[in-house]
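Remember, it's 1-based here, ligands and their atoms both numbered in the order they're listed. Every value quoted in this text rests on a predicted model; they were computed, and no experiment measured them.
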Amino acid sequence: MKNSRRNFLTSVSMLAAYSAFPMSAFNFETSKKLRIVLVGTGVRGTSFWGKRLVDEYSDILEFVGLCDINPGRLEYAKKYIGVNCPTSVDFDALTKKTKPDLIIVTTVDAVHHEFIIKGLESGFDVLTEKPLTTDETKAQAILNAEKKSGKNLIVGFNYRWSPYSTKIKELLANNTIGKITSVDFHWYLNTHHGASYFRRWHGEKEHSNSLWVHKSTHHFDLLNWWIDSDPSEVYAYGDLNFYGSNGPFRGDNCRTCDHKKDCAFHYDITKDKRMMELYVANEKHDGYIRDNCLFRENIDIYDKMSAQIQYANQVTVNYSLTTYSPFEGWRLAFNGTEGRIEAALDIPYNKKTEISQAEMHAKEMEQNALEEANSESIIVHKLWKNFDTVLVPTERGGHGGGDKRLHDKIFKTPNEKDPYERAAGSRDGVMSAIIGIAARKSIESGAPIKIASLTDIKPSANRT
Ligand SMILES: NC(=O)c1ccc[n+]([C@@H]2O[C@H](COP(=O)([O-])OP(=O)(O)OC[C@H]3O[C@@H](n4cnc5c(N)ncnc54)[C@H](O)[C@@H]3O)[C@@H](O)[C@H]2O)c1
């Protein structure tokens with residue numbers, strides 16, 4: 001394939017609607033290699049948006065710059081990704097010098113907006129990791145910048161691309177259960193994956209808003225896409241009952257802790273070469289401690305969360321997120337006027353074989369790895385009939401195979417029509433993050449929050 005300088009479509013109608021037609025946000029035109037600057041060279045930036053792109057797409061793209069606040073991590077990133085481009089802690093100077101086509105943003109969540117806005121204002125297209133941003137003021141500023149710039153913004157929602165999520169979308173879009181009326185969606189993080197969020201910046205609202213935004217943005221994006229409508233109101237509860245100051249003891253970090261023997265969560269980072277090189281070797285530059293104590297007092301996010309979401313098309317959703325479950329998995333049910341769809345992934349009691357939760361977490365974190373193909377079931381139960389089981393081939397790792405499909409769509413087959421409309425633009429980014437933003441506001445105020453009160457996007461009954 002010869003490629004690839006892409007030129008996003010910039011029709012006035014699309015911009016006015018904040019990338020309401022996200023297909024066009026992936027519309028590349030090809031003539032020379034796509035020039036990329038990556039900002040945020042942590043684990044996601046160096047692996048999924050770094051090394052994987054170099055390994056798989058070097059014929060059509062090239063890195064022309066890497067940026068991070070940590071100069072040590074930048075040097076490591078250059079070697080790990082396998083590039084020889086300029087690196088800098090100064091984003092403005094780097095982009096001025098290198099004039100990229102595309103900025104990829106993989107920093108800590110709370111600063112995504114800085115690089116999205118600067119990138120758009122400087123005339124570059126931008127691809128950001130989820131969540132788009134962490135509060136409504138930043139969300140509005142991003143929308144304004146996109147509209148003014150005429151450039152485009154892609155949000156890397158990989159969960160939509162897993163075959164299992166796509167099958168659910170297909171069943172719903174085909175009206176398999178008539179009109180959807182209500183949804184139950186419950187997500188369980190185990191004490192490996194769930195705990196990992198409390199060890200670092202995700203555990204503090206100022207960096208992540210909370211898992212309502214950092215983690216649940218994935219789930220809310222799926223809901224918005226499956227239900228095919230915008231959220232209109234959110235009422236939520238949440239608390240910190242398990243991690244943070246609830247712990248029986250605490251230390252400075254796992255390496256130096258006096259409670260190594262007593263703590264079920266003890267994490268020996270020294271056994272992981274990559275984590276040592278990426279984080280520990282560079283602590284001296286910015287004080288970022290990767291094996292922080294998950295019982296530290298300054299953790300202020302919620303570890304159990306529950307919300308009711310009303311959609312503009314009258315669908316109601318019961319959602320919850322638990323962060324200290326003995327297993328990792330999720331359960332979902334759609335009720336419709338003609339029946340019910342039930343879906344679930346990774347519930348150990350539904351499996352014939354036992355899965356080690358630690359091994360499962362490690363596989364998921366190896367962001368390039370795909371495990372052997374498997375199959376998972378979705379139950380379709382029409383009113384007055386016996387249920388049917390729909391088998392879906394799935395892959396473990398890289399978010400059920402979603403990661404790879406997302407990359408291929410962006411870099412290899414951007415012009416291919418997608419009947420499921422899995423590509424996500426700024427509007428999708430805002431409408432998923434905003435549910436979490438509203439949920440936290442609801443907990444803090446004790447009141448339901450109207451989505452229309454947060455940005456200038458008016459919830460629409462029908463997204464498409
Ligand atoms: N889609 C997914 O499944 C998925 C998975 C993992 C992470 N992510 C997202 O990727 C992003 C990065 O996550 P991570 O796990 O790699 O985190 P990380 O902590 O490993 O990396 C974040 C990097 O950002 C840098 N940084 C912080 N502030 C900065 C600033 N002002 N300017 C430049 N660099 C700055 C840090 O030094 C660090 O290198 C997050 O937004 C996260 O939500 C998405």
Side-chain angles (χ1 to χ4, degrees), residues 37-52 65-78 80-81 87-92 94-95 103-119 127-134 154-162 165 193 196-197 199-204 206-211 213-219 221-222 269 274-275 277-292 361 364-368 397-407 424 429 432-433 436:
V37 162
L38 174 80
V39 53
T41 55
V43 66
R44 186 74 171 165
T46 53
S47 55
F48 186 63
W49 295 108
K51 189 173 184 325
R52 189 171 194 282
L66 303 177
C67 176
D68 198 286
I69 41 168
N70 188 313
R73 194 142 47 240
L74 269 177
E75 277 316 300
Y76 167 78
K78 203 168 155 177
Y80 181 82
I81 297 173
T87 59
S88 179
V89 293
D90 183 339
F91 178 81
D92 296 336
L94 183 70
T95 50
I103 308 286
I104 299 184
V105 182
T106 52
T107 60
V108 166
D109 300 350
V111 295
H112 282 183
H113 68 292
E114 287 178 23
F115 303 102
I116 296 171
I117 293 171
K118 278 185 192 181
L127 189 163
T128 183
E129 255 301 348
K130 50 55 55 175
L132 174 67
T133 189
T134 52
I154 299 170
V155 186
F157 279 125
N158 40 351
Y159 282 28
R160 291 186 185 194
W161 293 85
S162 86
S165 302
H193 191 191
S196 76
Y197 294 116
R199 294 188 198 284
R200 45 187 190 142
W201 52 266
H202 312 69
E204 293 145 38
E206 67 169 306
H207 301 303
S208 66
N209 181 319
S210 68
L211 293 175
V213 175
H214 175 81
K215 188 68 195 169
S216 303
T217 191
H218 275 304
H219 313 151
D221 179 64
L222 284 174
I269 196 169
R274 170 143 152 83
M275 292 295 112
E277 290 176 355
L278 182 63
Y279 299 107
V280 176
N282 300 308
E283 280 171 1
K284 55 183 178 286
H285 298 291
D286 59 5
Y288 180 166
I289 308 293
R290 177 63 183 82
D291 60 343
N292 239 324
H361 176 51
E364 188 64 26
M365 290 297 114
E366 280 169 31
Q367 304 195 351
N368 299 322
H399 296 103
D403 286 355
K404 178 191 180 308
R405 286 174 177 78
L406 172 68
H407 272 175
S432 59

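- A donor-acceptor contact shorter than 3.5 Å is absent between the side chain of Asp221 and the backbone of Ser432.
- Residue His218 approaches ligand 1 through these ligand atoms, each under 4.0 Å from one of its heavy atoms: 1 (N), 2 (C), 3 (O).
- Every atom of ligand 1 with a heavy atom of Thr106 under 4.0 Å away is listed here by number and element: 11 (C), 12 (C), 22 (C).
- Near Trp201, meaning under 4.0 Å from any of its heavy atoms, are these atoms of ligand 1: 17 (O), 18 (P), 19 (O).
- Ligand 1 is never approached by Glu114 to a heavy-atom distance shorter than 4.0 Å.
- Here the shortest heavy-atom distance to atom 35 (C) of ligand 1, taken over Ile69, Thr217, Asn158, Val155, belongs to Ile69.
- With no hydrogens or angles considered, no side-chain donor-acceptor pair links Tyr80 and Arg73 at under 3.5 Å.
- Each of the atoms 42 (C), 43 (O) of ligand 1 lies under 4.0 Å from some heavy atom of His214.
- At a 3.5 angstrom cut-off on N or O pairs, Arg73 counts as close to ligand 1.
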Margin query: Please determine whether side chain to side chain contact (heavy atoms under 4.5 Å, CB included) holds for the pair His214 and Trp201, giving the CA-CA distance in whole Å, both sets of side-chain angles, and the decisive distance to 0.1 Å.
Written below: CA-CA 11 Å; His214 175 81; Trp201 52 266; 4.0 Å; yes
Notebook entry, point to check: Thr134 and Asn209: side-chain hydrogen bond (donor to acceptor under 3.5 Å, both in side chains), yes or no, with the steps?
Noted result: CA-CA 6 Å; Thr134 52; Asn209 181 319; 5.8 Å; no
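- Side-chain atoms of His218 do not come within 3.5 Å of backbone N or O of Phe157 as any donor-acceptor pair.
- Taking OG of Ser162 as the reference point, atom CG of Leu222 lies at 7.5 Å (rounded to 0.5 Å).
- Some N or O of Tyr288 is nearer than 3.5 Å to an N or O of ligand 1, by distance alone.
- For ligand 1 and Arg200, the ligand atoms under 4.0 Å from any heavy atom of the residue are 15 (O), 17 (O), 18 (P), 19 (O), 20 (O).
- Residue contact check: Tyr279 has heavy atoms under 4.0 Å from atoms 18 (P), 20 (O) of ligand 1.
- For ligand 1, one of its N or O atoms has an N or O atom of Val43 under 3.5 Å away.
- The side-chain hydrogen bond (donor to acceptor under 3.5 Å, both in side chains) test applied to Thr95 returns no partner, not counting sequence neighbours.
- Close contacts between ligand 1 and Thr107 involve ligand atoms 11 (C), 12 (C), 24 (O), 33 (C), 34 (N), 35 (C), 40 (C), 41 (O) [criterion: under 4.0 Å to a heavy atom].
- Ligand 1 is never approached by Arg290 to a heavy-atom distance shorter than 4.0 Å.
- Remark: among candidates Val108, Thr134, Asp68, the nearest residue to atom 39 (O) of ligand 1 is Asp68, based on non-hydrogen atoms.
- For the pair Arg52 and Phe48, the NZ or CZ position fails the cation-pi test of under 6.0 Å to the six-membered ring centre and within 45 degrees of the ring normal.
- A donor-acceptor pair is defined here as one N or O able to donate and one able to accept, closer than 3.5 Å; such a pair exists between the side chain of Ser216 and the backbone of Leu211.
- When only interatomic distances are considered, the shortest N/O to N/O separation between Glu129 and ligand 1 falls below 3.5 Å.
- When atom types are taken as modelled, the side chain of Ser208 and the backbone of His202 share a donor-acceptor pair closer than 3.5 angstrom.
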